[in-house]
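If you're wondering where the values come from, they're calculated on a predicted model, not measured in any experiment. So that the names make sense, note that chain A is the first sequence line, chain B the second, and so on, each numbered from 1.
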Protein chains: 2
Amino acid sequence: MSRATNTQFSVACHALSLLSSLPGEPASSELVAGSAAASPVYVRRVLGLLRRAGLVASRPGAHGGWHLTRPACEVSLGDVWRAVQGDEPVLGLHAPVAACPVGSEVGRLMAEVERRTARAIEHELDSMTVADLTPACAPFTAAMLSPAA
Amino acid sequence: MSRATNTQFSVACHALSLLSSLPGEPASSELVAGSAAASPVYVRRVLGLLRRAGLVASRPGAHGGWHLTRPACEVSLGDVWRAVQGDEPVLGLHAPVAACPVGSEVGRLMAEVERRTARAIEHELDSMTVADLTPACAPFTAAMLSPAA
DNA sequence: TTGATTCGTAGTCGTGTTGGATACGAATTC
DNA sequence: GAATTCGTATCCAACACGACTACGAATCAA
C-alpha cells in the first residue's frame, strides 16, 4: 500500500455507523452521502459491496433505502474490510525479474509477507464492530437527520 | 486503501535482500534496479528513505554504491516499513462532514481504528527480518551478478 | 590532474486509480 | 400515474506512481 488513497473502507464504516443510528426506516444513499461527504452514486457503489457480503440490504422506490441485516454489534470491521477489500493486496507488491535468482525467490517470499500482513489486519479489525463506531449521540442524530431528509 | 499501488516497501525489501546477498563491495542502484525490475533513480529514492532510517549507507563515486549498516537478521521488516511508510495512513481515511454529529464522531473513532491497524501491521512485520527474505541461493547470486555488473 | 563512475535530486511525462457528475431504466410506494 | 430511490453505465478531472532524462557533486583509478 503505502499511501492509502481509497476511501471505500472508511465510507463503508461511516455508512454502517449511520445506518445503525437510524434503526427505524431505511436510509437513502443521499442521506448517507450527506453525512459522509461523498456522492450518492459512490455510496451506492460501496454499499453494493456490503450487500454482496450480506451486511446490508436495499430496497428501491419511495421510502426505500438501506438497512443493516443484523445488529451493529455483530458486524465486525473485519467483515467490512473483507467486503470492500476482497483479494486486493495490502502491500504494494512489484513484479521482480523472474530470471534473477534473488528476484524470483524474494518475490515468492514477499507473497508470504503479504499473506501474513493481510491476516494481521483482518485479525485486528475483527476485534472491533460497527457498534464501536456508533457514537453515543446516535439518538439525537436520528431526530436531527430525519426531518432534514 | 484497497488497491495497493505503491511498490516502495516491496522494492525496499528486495533491495535489502540483495544487499545482504552481496556482503563484499557495495551494490550500485543500477544493479539493484536490474534485479528488482525498477529504475535506478527510483531505487535511489527508496534506498534514500532507508538511509534516513539508518538501515543502509551509500557512497558516491567509482566503486561506490549501497551496503547494509548491520546484519540482515537485525533488520526487521517493521524497520523497513516504518522507513518507507512514515506517518502515511494505511487505511484510506476520508474527511466526513464535520457539522454532522455522526460525521465528526465517526471520523474521530476511525482515526483510532487507523492507529490500531497500523500498530498491528508493524507488529506483524517486526516478527520477520531481512534475513528471512534472503534466499538460500545467495552465494550463487553473488557469483552470478558480480561479473555481469 | 583527468576521466570514469555513482550518488542525489529536480523536472517532465505517460499510465492507472479514484471518485464526482450526469443519465436513465427498473422497482417500489402513495 | 407520479414521485422516489436503487442500480448501473459512462464520462471526466484530479491525483498518485514510477519511468526517464538531465546534471551537479563526490569519489576513485590511472
Would you tabulate the nitrogen or oxygen pairs shorter than 3.5 Å linking the protein to nucleotides 9-14 of chain C?
unit_1 : atom_1 : unit_2 : atom_2 : d
C:dT9  : O4     : B:R44  : NH2    : 3.3

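- With rounding to whole Å, B:N6 atom CG is found 11 Å from D:dA19 atom P.
- A:V32 and A:V41 are members of different hydrophobic clusters when ILVMFWY side chains are connected at heavy-atom separations under 4.5 Å.
- Neither OP1 nor OP2 of D:dT5 sits under 4.0 Å from any side-chain N or O of A:S29.
- With the nearest nucleotide of DNA chain D identified for both A:G64 and B:P40, A:G64 has the one nearer the 5' end.
- Side-chain N/O atoms of A:S28 include none lying less than 4.0 angstrom from OP1 or OP2 on D:dT4.
- Residues B:S20 and B:A72 share a closest heavy-atom pair of CB-CB, 3.7 Å.
- Note on A:E122 versus A:R119: no salt bridge recorded, every NZ/NE/NH1/NH2 to OD/OE distance being 4.0 Å or above.
- Rounded to an integer number of Å, the gap from A:Q8 CD to C:dG19 P is 6 Å.
- One interatomic measurement links the two molecules: CH2 of B:W66 to C1' of C:dC7, which rounds to 7 Å at whole-angstrom precision.
- Taking 4.5 Å as the limit, every side-chain heavy atom of B:H14 sits out of range of all side-chain heavy atoms of B:V43.
- Applying the 4.0 Å criterion to OP1 and OP2 of D:dA19, one finds that B:Y42 has every side-chain N and O outside that range.
- Atom CD of B:E25 is surrounded by 12 or fewer heavy atoms from other residues, nucleotides or ligands within 6.0 Å.
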